[in-house]
**Q** 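Please see the structure below; I have some questions.
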Protein chains: 4
Amino acid sequence: MPFTVAVAGASGYAGGELLRLLSAHPEFEVTTVTAFTNAGQPLIAAQPHLRSLAHLTLAETTPENLAGHDVVFLALPHGKSGEITAQLPPETLVVDCGADHRLTDEADWAAFYGGEFYGAWTYGMPELIHADKTKHRVEIEGTKRIAVPGCNVTAMTLGLAPAVASGLVEVDDIVAVLSVGPSGAGKSLKPHLLASELMGSASAYGVGGSHRHVPETAQNLRVAGGTGVRLSFTPVLVPMARGILATTTARLAPGVTEADLRSAYDLAYGDETFVHVLPAGEYPRVADTIGANTCLIGLAVDGAAGRLVAISALDNLVKGTAGAAVQSANIALGLAEGLGLTVNGVAP
Amino acid sequence: MPFTVAVAGASGYAGGELLRLLSAHPEFEVTTVTAFTNAGQPLIAAQPHLRSLAHLTLAETTPENLAGHDVVFLALPHGKSGEITAQLPPETLVVDCGADHRLTDEADWAAFYGGEFYGAWTYGMPELIHADKTKHRVEIEGTKRIAVPGCNVTAMTLGLAPAVASGLVEVDDIVAVLSVGPSGAGKSLKPHLLASELMGSASAYGVGGSHRHVPETAQNLRVAGGTGVRLSFTPVLVPMARGILATTTARLAPGVTEADLRSAYDLAYGDETFVHVLPAGEYPRVADTIGANTCLIGLAVDGAAGRLVAISALDNLVKGTAGAAVQSANIALGLAEGLGLTVNGVAP
Amino acid sequence: MPFTVAVAGASGYAGGELLRLLSAHPEFEVTTVTAFTNAGQPLIAAQPHLRSLAHLTLAETTPENLAGHDVVFLALPHGKSGEITAQLPPETLVVDCGADHRLTDEADWAAFYGGEFYGAWTYGMPELIHADKTKHRVEIEGTKRIAVPGCNVTAMTLGLAPAVASGLVEVDDIVAVLSVGPSGAGKSLKPHLLASELMGSASAYGVGGSHRHVPETAQNLRVAGGTGVRLSFTPVLVPMARGILATTTARLAPGVTEADLRSAYDLAYGDETFVHVLPAGEYPRVADTIGANTCLIGLAVDGAAGRLVAISALDNLVKGTAGAAVQSANIALGLAEGLGLTVNGVAP
Amino acid sequence: MPFTVAVAGASGYAGGELLRLLSAHPEFEVTTVTAFTNAGQPLIAAQPHLRSLAHLTLAETTPENLAGHDVVFLALPHGKSGEITAQLPPETLVVDCGADHRLTDEADWAAFYGGEFYGAWTYGMPELIHADKTKHRVEIEGTKRIAVPGCNVTAMTLGLAPAVASGLVEVDDIVAVLSVGPSGAGKSLKPHLLASELMGSASAYGVGGSHRHVPETAQNLRVAGGTGVRLSFTPVLVPMARGILATTTARLAPGVTEADLRSAYDLAYGDETFVHVLPAGEYPRVADTIGANTCLIGLAVDGAAGRLVAISALDNLVKGTAGAAVQSANIALGLAEGLGLTVNGVAP
């Protein structure tokens, strides 16, 4: 008998992607979908691509409506999860796609988000390699509370963590620039997200260290063994609906060779289903990850500049959000980790 | 009486943009257009957007066909200009949009291009600030040979040179990641340039220090006063036909404030027509520069990361190529520098 | 001394395009720009691509602020022009880009727009061929009130009017389907105009005869000599910021040959600067018209289907709105018709 | 034990999509993939998004390499299938995504394709309603040879067939205009398919009755009961990698009401998994069908124009090609019809 599932925030992009994945998952049955302003509407009005879920109606997002399910997925605006999760029973598996339970350091929370601090949950990045070379997967097994990582964070972390864990790069001057699609900003009615404005254009935002994904990425790289992490992170909005292409660079530690790096990444990801390192000289394309729970990584050693350049590609709504949520939920529940997920992108 | 003009390579994207600008220029009259494989065709067959030039036919690209004009613009593949320019009379103003005459150091040429080295010409970047705070414009006045800068080079150089010239950043660990449109790669029949492949996607190329714009950018920053320049440069192909958004970062020198930086950029660009620095907290969009000879720059000081982040936007075919060519030709001929050029982009 | 100009609705897309064209016009000087909600802001905040107009501030859109100029261009939402124009002096040239003064038949107005009917002005489509083979241009000379045609209307009308005026097609079963970019819908914060929704997608709207451009197109074809016009018009929103590609088909009258058609279109457009008919077998691309005041037309005779297929391409913001406004204003004022306008598109 | 499968033409877009679907199909195991020029390469080099098939190598497309499988899918250029299929054993299920076996009338083949005529196979459109109101599905059961319909054909046919089968429209003056993505043209190195050319643009091709999908669509509408079918069909290339939005219109028969139409479409598609008719006033978006085997249809009655307007959306590579192939193969083999297919699109 499948696990019963509720999805909160089901009218947005992350909620829609959760539902798309869950609808193909053999062990989950979505019985409740909730929203704020769209409550009362048929789900299909907000998510016309989810034909198989045409029977569902959006209920209001309340603790009462979310109670009584085996699993609750939250895809709510930052700051909204905390108050709701506090009212859910401890035996329910709660998977939060928002930021409310990601940061371990209250000072980081205060500096980048503000408002009440609800505390960190188990971090849903199974492939994150720790300083001791174990993977974060083990932390997720059996947990009842999962914080799904930020999409940009996932791209940067997966791109750099193996080099950090093996001490092959210095972490005090990391520079990352990400090409990101607008769906990461949600279904928000803001002028700069209009098609007329974005098509044929590109622009940076959250420049100069202000983006909320900075402290979370630094936190991960510390878990991977880095100390004194400093990160210059610039996201660039480009005209593709989904996807992230991250260029993450760090100074090479003295004497490091490409073979050292290949070996470290092979140790980290050689057995992974959803993270693939490409052969030397090949770099990933966002298109190859669309709809898939895959992160593709290309590596270059720039000897003249003294830097490792890690290029990572993923679908911000899948491996960057909903796919990571399902993968982590599978682990937490003892299911096969890849259940309901695919590694093959929808391309071209 | 206007100057007579020939354009070589008139069937490609750079050639087409030269012709678009020249057709609106009051002092230039295009009388000859040449091509290789398209020779014999009407220009309009290759450039159906250039309705006002429907009377022109593509001649073959030979020194003979290019001789006898006041000005010759070359938009040829790298390695093709040198042999032709050697046969043009010294009194003709020759403006080369290719790379053949950009690099001053033969070793750079050998390492990144190869083949015969034809030597550097006057570099066509009027707004480049020198170590002594003069601008490169003075070098262009009266010259007969102009090498038009590379498009990515222009974006990175204009973004960083004022800080370098004023000693406000260190140049030994510059990191730049550029979002670039496919027109910079020319009208080439390569699979990764197909619309099906690129739309909805992004991918990096020339990763790890191999891109030919690395030595040219370093050369410019040395002109601006930098010593020991090291640059990690990654171009990312994104789905916009034109345009470059460059994120160029460098470590701040000790004690530098945002006010110091603003003051240096104001000194460099305060009087410039085509380079504009945006107010604090604002960052440029590629769309605002399309069709215009404008480079827009936004600046952020990331104190935590210890880096200056300079975001620059331009149209790779205008300020990045054809507009720079016309602007420099105007200067060389003693015309008003902005003749035939606009600062207003075609947006949205 | 140039004519002084005010532009109302200067913060929107049509207003921005008017200003882009006017800024390059040698006989117009924009001294006043107005807006509703953006009043008080610098123009450049709403239109960051208009660098040459950075000195202008948005005033409130009131008759008082618009008074005292030689020319007033209105780019206001439908229904807003009428009440303002009633208060402008009769000697001012007023050019309305909205719909308020386009329709001659009050019943059409009531059925498709509603609200007060302010009456039709001189219709700003110089190249529209009348039943007697004169062009509409003569109506515009010396007028003080110009209604700029709708963008889709212009594409359909220019595509079909010559065949209608020469009696070569039947007008009682015209079918037109237009690919249109979202800028035609203005800078509106509506979900279906978000980049995430539109990129990689296409969708029809105003299906089944409800679109407001139906009666206006029929009105034009009646001016061209058609009687009993019936039009099935479907606009399809596609992911390009600007542009219209119209496929307009009509049943061929008995015995009509392609030569008859070519001859009729040559009569209509052979001397026109801004409307070009392509040779047999060639069809226009939207890209070739971007930024230009050009309408390109390709023609095919489908003998098996018994229909003329006219494909017309134009930039909805230029030939479809702001360019038509400037062109008509030039005519009304006795200036050279093409002043400030270009025929060459910005491509690729 | 699953059926063994070979895919010919595995390096192209249709072949890639077949493999993406087959890799998720529980009853098919792809053991052989073949290509022409890419033979010898790993599949992943040509299809970097198909991570789960990284173990496969492209063999040459020969009858020998394709023999010995339970099912062979062909995704070859038109004219290539015939000679190969003649050499495959009769007990193998052969599913041809090309055009070689679609047309029943040799004269149509000669007029639109030419070359040797190999004869028509069972037509793979299960939902096609016949004049007697049965569906085409029954023809497919147990067959060993399936011709997969053309992508545009599927969109037009599904959009109009129910109205034809019920005699609600006249078929002698059908007009269809389709917005199509470039992946329908395959991975071809042609200038007009370059990203620089297509992004921000739209253009028509195959105008005037010359497109090969005209006779196939007419053939289908005859199967649905139409006599004297005449079709004006214009495909318009728009900047979305995948997808078709078809606007198909036909004159309404006298006295037909919207209720009559709704009833006819309900009869045709009310029980279908993959064809959905939207409620009155709603029209489909291409994005909602991407990656899914779904065709969405919106209907409008334009009383003034006297036409039915049917808007249909589908993914040209799925319901338009590979999905139809898998669906038909499922039927032919007696499997559940929807096995390995999804109804939920990847949106946004």
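Residue numbers begin at 1 in each chain, while the letters A, B, ... track the order of the sequences.
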**Q** Have A:Thr321 and A:Asn316 got a donor and an acceptor in their side chains that come within less than 3.5 Å?
**A** no

**Q** Suppose a student defines contact as a heavy atom less than 4.5 Å from any heavy atom of chain A. Which residues in residues 297-305 of chain B would they list?
**A** B:Ala300, B:Val301, B:Asp302, B:Gly303, B:Ala304, B:Ala305

**Q** Name the region of B:Leu245, side chain, backbone, both or neither, that has any atom closer than 4.5 Å to a heavy atom of chain A.
**A** side chain

**Q** What is the distance from atom CZ of B:Arg20 to atom CG of B:Leu50, rounded to the nearest 0.5 Å?
**A** 8.5 Å

**Q** Under 4.5 Å heavy-atom distance to chain A, tell me which part of B:Ala313 shows up: side chain, backbone, both or neither.
**A** neither

**Q** Does any backbone or side-chain atom of B:Thr234 lie under 4.5 Å from a heavy atom of chain A? Answer side chain, backbone, both or neither.
**A** side chain

**Q** For residues 204-228 of chain A, which residue pairs qualify under salt bridge (charged side-chain N to carboxylate O under 4.0 Å, His left out), counting only residues two or more places apart or in two chains?
**A** A:Arg102-A:Glu216

**Q** Look at B:Arg242 together with B:Glu17 and state whether they make a salt bridge at an N to O cut-off of under 4.0 Å.
**A** yes

**Q** Given a strict heavy-atom distance threshold of 4.5 Å, which part of A:Ala204 is in contact with chain B: side chain, backbone, both, or neither?
**A** both

**Q** Quick one: what part of A:Thr249 sits under 4.5 Å from any heavy atom of chain B, side chain, backbone, both or neither?
**A** side chain

**Q** Over 60° means perpendicular and under 30° means parallel, so classify the ring planes of B:Phe233 and B:His211, tilted if in between.
**A** perpendicular

**Q** So does A:Ala292 get a backbone contact from the side chain of A:Thr289, meaning a donor-acceptor N/O pair under 3.5 Å?
**A** no

**Q** Under a 4.5 Å heavy-atom cut-off, does chain B meet the side chain of A:Pro284, its backbone, both or neither?
**A** backbone

**Q** Could you look at A:Arg285 and say if it's the side chain, the backbone, both or neither that has a heavy atom under 4.5 Å from chain B?
**A** both

